[in-house]
Amino acid sequence: MRLSRGGDAQRSEPGRPALKCLRGSDRAAGGQGTSRVDLDTFAELGESLFWLSALAEANGRGRQPLLLGLQWARNRITHGVVVAAPVEWQYGAELGKLVLGKGRLGTTSGHEWLPRSSVALGPNDRRDPRQEAAYDAHVAGRRVVEVLRQALAVAK
C-alpha cells in the first residue's frame with residue numbers, strides 16, 4: 001500500500017518498482033555515446049539487478065539459468081570490491097559513433113557484460129559454481145539491454 005497525494009491508500013502493483021528501474025537502466029545503458037564510466041548508468045543497473053532478483057524470487061523463478069547468472073552480477077555489487085556492474089562500453093559502427101579500430105561492423109554501440117574472468121572478486125566473496133556457470137553461458141558478452149529485457153520476461 002502507498003498513499004496518494006490526497007492521502008488515499010492505493011495498492012501498489014507487484015513488480016512496479018522493478019519495471020520502473022529496468023526501464024531507467026534500459027534507457028541509460030542503451031543511449032550512451034561514450035566509453036567513459038557513467039555512474040548513473042551503473043547505479044540504475046545495480047538497482048535493477050536487485051529489483052529483478054526480488055521479483056524473480058517472489059514469483060518462484062529465481063533458479064532460472066539467466067536469472068542465476070544475473071544473481072552472480074548482483075552479488076558482485078553487493079559483496080564484492082566492484083562498485084559497478086560488470087559491463088563495458090562496446091563501440092558499434094553507426095554513423096557518427098564509429099571509432100576506427102574499436103567499432104565492429106554491423107553492430108550498434110552499447111554496454112556489454114564482461115567475461116567473468118575480467119571481474120575482480122572481493123575478499124569476502126564466496127564462489128557459487130551454479131551462478132558462475134549461468135553467468136558464463138547466459139550473460140557474459142551479451143548486450144546489457146538485451147539481457148535485462150529477457151530476464152524481466154523470465155522473472156514475471
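Sequential numbering from 1 along the given sequence is applied to the chain's residues.
Remark: the Gln90 side chain and the Arg143 side chain contain no N/O donor-acceptor pair separated by less than 3.5 Å.
Put simply, CZ on Arg116 and CG on Asp136 are 4.0 Å apart, with the number rounded to the nearest 0.5 Å. Annotation: the span from Leu67 atom CG to Gln150 atom CD amounts to 9.0 Å, rounded to 0.5 Å. One distance of note links CH2 of Trp113 with CZ of Arg142; it measures 10.5 Å at 0.5 Å rounding. Here the CD-CZ distance, from Gln131 to Arg76, works out to 7.5 Å after rounding to the nearest 0.5 Å.
Nearest heavy-atom pair, Pro65 versus Ala134, reported as atom, atom and distance to 0.1 Å: O-CB, 3.2 Å. Between Leu66 and His138 the shortest heavy-atom distance is CD1-O, 3.5 Å. The minimum heavy-atom distance between Asn59 and Lys156, with the atom names listed, is ND2-C, 3.5 Å. Of all the heavy atoms in Ala151 and Leu70, the pair that sits closest is CB-CD1, 3.4 Å. Annotation for Leu49 and Ala73: closest pair CD1-CB, 4.1 Å, computed over non-hydrogen atoms.
The side-chain heavy atoms of Ile77 and Leu45, taken from C-beta on, include no pair separated by under 4.5 Å.
Val139 and Leu68 are members of different hydrophobic clusters when ILVMFWY side chains are connected at heavy-atom separations under 4.5 Å.
A salt bridge links Glu132 and Arg127; the closest N-O separation between the charged side-chain nitrogens and carboxylate oxygens is under 4.0 Å.
Side-chain N or O atoms of Ser109 include none that pairs as donor or acceptor with a backbone N or O of Tyr91 at under 3.5 Å. When atom types are taken as modelled, the side chain of Glu112 and the backbone of Val144 share no donor-acceptor pair closer than 3.5 angstrom.
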field: Evaluation steps, side-chain contact (heavy atoms from CB on, under 4.5 Å), between Gln71 and Arg130
entry: CA-CA 10 Å; Gln71 286 175 7; Arg130 291 179 316 144; over 6 Å; no
Trace of the side-chain contact (heavy atoms from CB on, under 4.5 Å) decision for Asp128 with Asn75: CA-CA 10 Å; Asp128 185 324; Asn75 290 344; 5.9 Å; no
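Between Trp72 and Tyr135, the ring planes lie tilted relative to each other; the angle falls in the 30° to 60° range.
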